[in-house]
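First comes the structure, then the notes that go with it.
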Amino acid sequence: MAKPPRAWQRMLSGRRLDLLDPTPVDIEIEDIAHGLAFVARWNGQTFGDYAYTVAEHSLLVETLFSRLCPRAKPRERLTALLHDAPEYVIGDMISPVKAAVGPGYGALDERLTAAIHRRFGLAAETPARLKKQIKKADRISAWMEATQIAGFTQAEADKFFGKPDHALIANLTIVLRPPVEVRQDFTARHEALLKQMG
């Protein structure tokens, strides 16, 4: 009888994360930060000497979410910071690829999200209202990325991501940085939000 395929990944922390049945005990923020700091958004098709990573994107989304929802609680901000956390093991796929892969990708993402959220004291499933607000920040981030580093015209970005309120993006510029810097900033922001949660 054939053995079932291996479904776990060994993390740098030494944890073995079962992708089909992830548990909070096997999740460490250092693994998430490291993985996200080395996963490129836009399939790496961005200008600059460094990839624009999911960790950098996550920091920007949390900043934008905080501007959209200035009264948001620390746990809501942490949810925004971790909105793409499963990509530390499943990678980032552009929307057309996700559509082609089908519902299996979404189910895997949901299982990982639930385990990550439980690990850090968040609701396993993001409430619909909060999810919508984070998605709005995510789309604004995508518009900024598209126009600043991915070669889109503003008209193209407006068509695909919606035209953002320019007051929300005032003084925000995307700067590509070495992964080690982004990893440190992601970890530090996570720690700060956990402390605020008490």
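Bear in mind the structure is a predicted one, so any value in this text is a computation, not a measurement.
E62 and S58 share no side-chain donor-acceptor pair at under 3.5 Å. Side-chain atoms of T23 and D26 form a donor-acceptor pair, as typed in the model, at a separation below 3.5 Å. A donor-acceptor contact closer than 3.5 angstrom links the side chains of S13 and D31.
In this structure, the side chain of D84 does not engage the main chain of E87 through any donor-acceptor pair within 3.5 Å. A donor-acceptor contact shorter than 3.5 Å links the side chain of R75 to the backbone of G121. R111 contributes a side-chain N or O that, together with a main-chain N or O of L20, makes up a donor-acceptor pair within less than 3.5 Å. Looking only at distances, a side-chain donor or acceptor of R67 sits under 3.5 Å from a matching main-chain atom of A170. A donor-acceptor contact shorter than 3.5 Å links the side chain of R119 to the backbone of I27.
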Carefully, step by step, assess F186 and V54 under the rule side chain to side chain contact (heavy atoms under 4.5 Å, CB included).
-> CA-CA 10 Å; F186 185 94; V54 176; over 6 Å; no

Checking side chain to side chain contact (heavy atoms under 4.5 Å, CB included) for the pair K73/E76: CA distance, chi angles, key distance, verdict?
-> CA-CA 5 Å; K73 296 179 174 73; E76 293 169 326; 3.8 Å; yes

Show your reasoning for whether side chain to side chain contact (heavy atoms under 4.5 Å, CB included) applies to T53 and L36.
-> CA-CA 7 Å; T53 68; L36 296 184; over 6 Å; no

Just do the side chain to side chain contact (heavy atoms under 4.5 Å, CB included) check on M11 and R16 with the steps written out, would you?
-> CA-CA 6 Å; M11 313 309 294; R16 286 189 180 192; over 6 Å; no

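Pairs engaging residues 159-182 under the side chain to side chain donor-acceptor pair (under 3.5 Å) rule: E56-R177, R177-D185 [sequence neighbours left out]. Residues in residues 64-108 take part in these ring pair (Phe, Tyr, Trp, His ring centres under 6.0 Å) pairs, two or more places apart or across chains: H57-H83.
Residues passing the salt bridge (charged side-chain N to carboxylate O under 4.0 Å, His left out) test with E145, sequence neighbours excluded: R41. By the side-chain hydrogen bond (donor to acceptor under 3.5 Å, both in side chains) test, H117 is found to be paired with no residue, residues two or more places apart in sequence or in another chain being considered.
At least one side-chain heavy atom of L81 sits under 4.5 Å from a side-chain heavy atom of R189. Considering only heavy atoms from C-beta on, P86 comes within 4.5 Å of I116 through its side chain.
What you find for P179 and A37 is that their closest heavy atoms are CB-O, 3.3 Å.
Cluster partners of F152 are W42, Y50, Y52, L60, L64, L68, I140, W143, M144, I149, F160, F161, L168, I169, L172, I174, L176, counting Ile, Leu, Val, Met, Phe, Trp and Tyr whose side-chain heavy atoms approach within less than 4.5 Å, directly or via other members.
Under the 4.5 Å side-chain heavy-atom criterion for Ile, Leu, Val, Met, Phe, Trp and Tyr, I32 and L112 are members of the same hydrophobic cluster. Hydrophobic clustering (ILVMFWY, side-chain heavy atoms < 4.5 Å, transitive): I29 and V61 are in distinct clusters.
Salt bridge status for E125 with K131: absent, with no side-chain N to carboxylate O gap under 4.0 Å.
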Throw together a table of side-chain donor-acceptor distances under 3.5 angstrom for residues 190-198, partners on residues two or more places apart or in other chains.
| residue | atom | partner | partner atom | Å |
| --- | --- | --- | --- | --- |
| E191 | OE2 | K195 | NZ | 3.4 |

